[in-house]
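Inspection log for the structure reproduced underneath, given as structure tokens.
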Number of protein chains: 2
Amino acid sequence: MDALFTSPRLMNVRTLNKRVILNMIRFTPGGISRAELARQMDLTRSAISTIIDDLAHVGLVHEMDNGPATGGRRPILLEINPRHGYVVGIDMGASHLGIVVADFSAHVLEEREYPLAVEAGPEKCLAKVDAQLRELLSHLNLSMEDVMAVGLGVPGPVVADAGSVSAPPIMPGWDNYPIRDHLQKQWNAPVALSNDAELGALGEWAYGAGRGEQNLAYIKVGTGIGAGLLLDGQMYRGTTGSAGEIGHITIQDGGPLCTCGNHGCLEAVAGGGAIARKAGEAVRSGRRTQLSSIPVDHITARDVAAAARLGDLVAQQVLTEAGTYLGIAVASLVNLFNPSMVVVGGGVSQVGDLLLEPIRRAVRERSLRSAAQAVRITAAVLGRRSSSIGAVVQGIDLALDRLIEV
Amino acid sequence: MDALFTSPRLMNVRTLNKRVILNMIRFTPGGISRAELARQMDLTRSAISTIIDDLAHVGLVHEMDNGPATGGRRPILLEINPRHGYVVGIDMGASHLGIVVADFSAHVLEEREYPLAVEAGPEKCLAKVDAQLRELLSHLNLSMEDVMAVGLGVPGPVVADAGSVSAPPIMPGWDNYPIRDHLQKQWNAPVALSNDAELGALGEWAYGAGRGEQNLAYIKVGTGIGAGLLLDGQMYRGTTGSAGEIGHITIQDGGPLCTCGNHGCLEAVAGGGAIARKAGEAVRSGRRTQLSSIPVDHITARDVAAAARLGDLVAQQVLTEAGTYLGIAVASLVNLFNPSMVVVGGGVSQVGDLLLEPIRRAVRERSLRSAAQAVRITAAVLGRRSSSIGAVVQGIDLALDRLIEV
DNA sequence: CTCGTTTGTCAAGTAACTTAACAATGATCT
DNA sequence: AGATCATTGTTAAGTTACTTGACAAACGAG
């Protein structure tokens, strides 16, 4: 049916089967048996057995408990050997830096958040990332030698081949800087560079709200607004890596100036900056709100979210307005790409229904019925960790690729 | 890198390789040699040779001329055997019916256009399709026995498994009607049912403006407005087959009522109906235009397009306005999907730059720079035949599947 | 005319599966 | 409780579909 015009096979059959089996083991909660793998992959049990032998021999896969019987011998459940190595996931935002150290089954050992100013440029920022990571590792009695791979997310369009970003609106000075090569050299470990929203989608798909969904959109609402798209079970990056740039859809003609140079972008009316600005305006206009206790120029979106959760009406109104704008864009996204799930993440999304309800309403009102009925809209369950968990998943992917290709 | 979580392999390796080889032969203009196939598929020449032997033995593949030498023996170019069978492509629109009879290399033998009223419901319409097709075939001294497969496009969301449409705004009475089963029984030939915009994308990708593009969006502007999306070389249909419903993006808040029940949809302000309505309003308001010669209630989008091509200013203005609305939607699509090409097709698109320029301008002004720079926006080169050619391609796909699985 | 290339083919070898049979284990029926 | 039937995982032999390596045919260039 589809235009199957497959590109050259980059792996041989055995390697590909190993990767698929490893992924099924990784992403099946509670483990999976050889027999079940055989059924799902449409191979025989004997074929699976020999492959598992290979993987167990290298120490990548473990036998754990027996599963429940279904009228016969109990299955032996398999899991990834968590102790096979350590992986680092890094989420770089416009104003924050999240670092996670995890084992091979993506179990988080330690996580930290630091402030960061991306606009300081690549050299300074990457030096800070390096310093914080090393400190975090030494705290765990680990060093870079123990890290098998690193996943890194950045808030801009990524050129996969080059390992750099291209013309990122909120990362001035980073254009074409060889981020991946720089870090790989510095750390002597493989590094995967991706867009942060993309990683959010991957994280929520693997261990969050969108587990196993075939068509998932993850909307990251932070300083910028971006979407990560998982279509037909595959990450979709677009021609130049800038797919999912929902933040720069025009929502309000002649609206406020956006960092990208246009006017009225979603990001400029519903991003973290816009939320802070509107809250500040409300304070200035003398409205009664908890936010008055903060110097007007220092109000952040996080403050607004906190106030809203404590019941502050002005803060709630600002967020509802942002949700309505978001909803208009999400309704378009739902019409274009008919996902089974939309996950809203990023710092602001923690306020929950206050932001989600306007989005759901807009989708109900503006999207085509058959698409609107098929989609569930929820908040990220990994919270502000979606992207860094996604980065860990990418890191493990990369490590597995290296380990198996031998 | 990607989450490779492949579904069960539905074909064995040999069958899959045969399909891929056939597709490379089909879609390489001028034929392709065994050696070139080997290089592109990353197989050895001997492997390709045995597969080609198989295919030639069944009569699916032919040796044609020798290609030019590059310092050694001249390659033997291969092509699909056009005489292996006949295939039918059908494009059902809201108000028209296009039927194409083609050979196995998608060369069109005969094509016809008929008026049609989809709102008459499935029984009447499919009976008309049947009658016209049989007449067309007999004109070629063929009968349904000679037809190896049929591809059919309809203007609504398609449920692939069921072979029906679900809640189509412009196909009242067709909801859940078993279109595919009905026709397969009637014709005793395999039928592939798809969305018409999807087929337009496929047609333009295979033999039109978007040849070989990896990320292609085809926008069909007719009575309805829909998009067909080809992402990473694969057709993308969405969760319930309603991906690409760009026509029901809200463009003008509180705008005119759309067939879908919402207000201000793109389709309601830039679709064929809207174009006709706005032209009618211009005539009524007494503006000077060739369209005055037509009874106001009988003006169609086609009339407007014709007048515009003859230089009628009012008609041109109506189309430019439609183009601007289209551009707003396309700019959003470009931000979300970052395609390498957008092809504009459907009846109205024949006016060319009059419609395209406003779209290009909107994309330049409203889309993120890295996405806007990567995309080319052109008119369909297959004209109003995009979808029916796409239907032929689908038909051949289906026939090949049947022929090879044995 | 010779040399280096490229194409297509053939025979032998190999990777990676399937088939078929079996032991171990557990649920279910009487 | 015992017999029966399912289910899981393993093993050995067979098969598929490729690769390797060698070779003849065909062509351009020095």
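Worth knowing before you read on, the calculation uses all heavy atoms, side chains too, and leaves out hydrogens, waters and symmetry mates. All chains are named by letter (A, B, ...) in the order of the sequence lines, taking the proteins before the strands, and each is independently numbered beginning at 1.
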Do any pairs count as a salt bridge (Lys or Arg N to Asp or Glu O under 4.0 Å) and have a residue in residues 46-74 of chain B, sequence neighbours left out, and if so which ones? B:Lys18-B:Asp54, B:Arg34-B:Glu63
Take atom CD1 of B:Ile21 and atom P of C:dG8, then tell me their distance rounded to the nearest Å. 13 Å
For A:Gln214 and B:Thr239, indicate whether the former's side chain and the latter's backbone hold a donor-acceptor pair under 3.5 Å. no
With A:Val392 as reference, evaluate A:Val150, A:Val100, A:Asp103 under the side chain to side chain contact (heavy atoms under 4.5 Å, CB included) test and give the passing residue. A:Val100
Atom pair distance, as rounded to whole Å: CG in B:Leu43 and P in C:dT7: 15 Å
Reckon B:Asn17 has a side-chain N or O less than 4.0 Å from the OP1 or OP2 of D:dC18? yes
Treat a base pair as Watson-Crick or G-U wobble with both distances under 3.5 Å, then lay out DNA chain D in dot-bracket form, 5' to 3', with | for cross-strand pairs. ||||||||||||||||||||||||||||||
Establish, with yes or no, whether the OP1 or OP2 oxygen of C:dT9 is under 4.0 angstrom from a side-chain nitrogen or oxygen of B:Arg34. yes
Can you confirm whether the side chains of A:Arg14 and A:Asn17 place a donor and an acceptor under 3.5 Å from each other? no
B:Asn12 CG to D:dT15 P, straight-line distance once rounded to whole Å: 17 Å
If you take any heavy atom closer than 4.0 Å to DNA chain C, which residues from residues 65-80 of chain A end up in contact? A:Ala69, A:Gly71, A:Gly72, A:Arg73, A:Arg74
Under 3.5 Å: donor-acceptor pair, side chain of A:Glu79, backbone of A:His62: no
From CA spacing to verdict: ring pair (Phe, Tyr, Trp, His ring centres under 6.0 Å), B:Tyr218, B:Trp205: CA-CA 9 Å; B:Tyr218 172 86; B:Trp205 173 84; over 10 Å; no
All heavy atoms of B:Val158 vs all of B:Leu193, minimum pair found to be CG1-O, 3.8 Å
Tell me: CZ of A:Arg45 to C1' of D:dT10, nearest whole Å? 9 Å
Quick one: is C:dT9 close enough that its OP1 or OP2 comes under 4.0 Å of any side-chain N or O from B:Ser46? no
Does a side-chain heavy-atom distance below 4.5 Å link B:Asp232 with B:Asn215? yes
Going by salt bridge (Lys or Arg N to Asp or Glu O under 4.0 Å), name the residues that satisfy it together with B:Arg211, two or more places apart in sequence or in a different chain. none
Assert: residue with more 5' nearest nucleotide on DNA chain D, out of A:Glu36 and B:Arg14, is A:Glu36
Near-strand residues of residues 47-55 of chain A, defined as heavy-atom separation under 4.0 angstrom from DNA chain C: A:Ala47, A:Ile51
Is A:Val87 close to A:Leu398 at the side-chain level, that is, under 4.5 Å between some pair of heavy atoms? no
side-chain contact (heavy atoms from CB on, under 4.5 Å) partners of B:Val58, counting only residues at least two apart: none
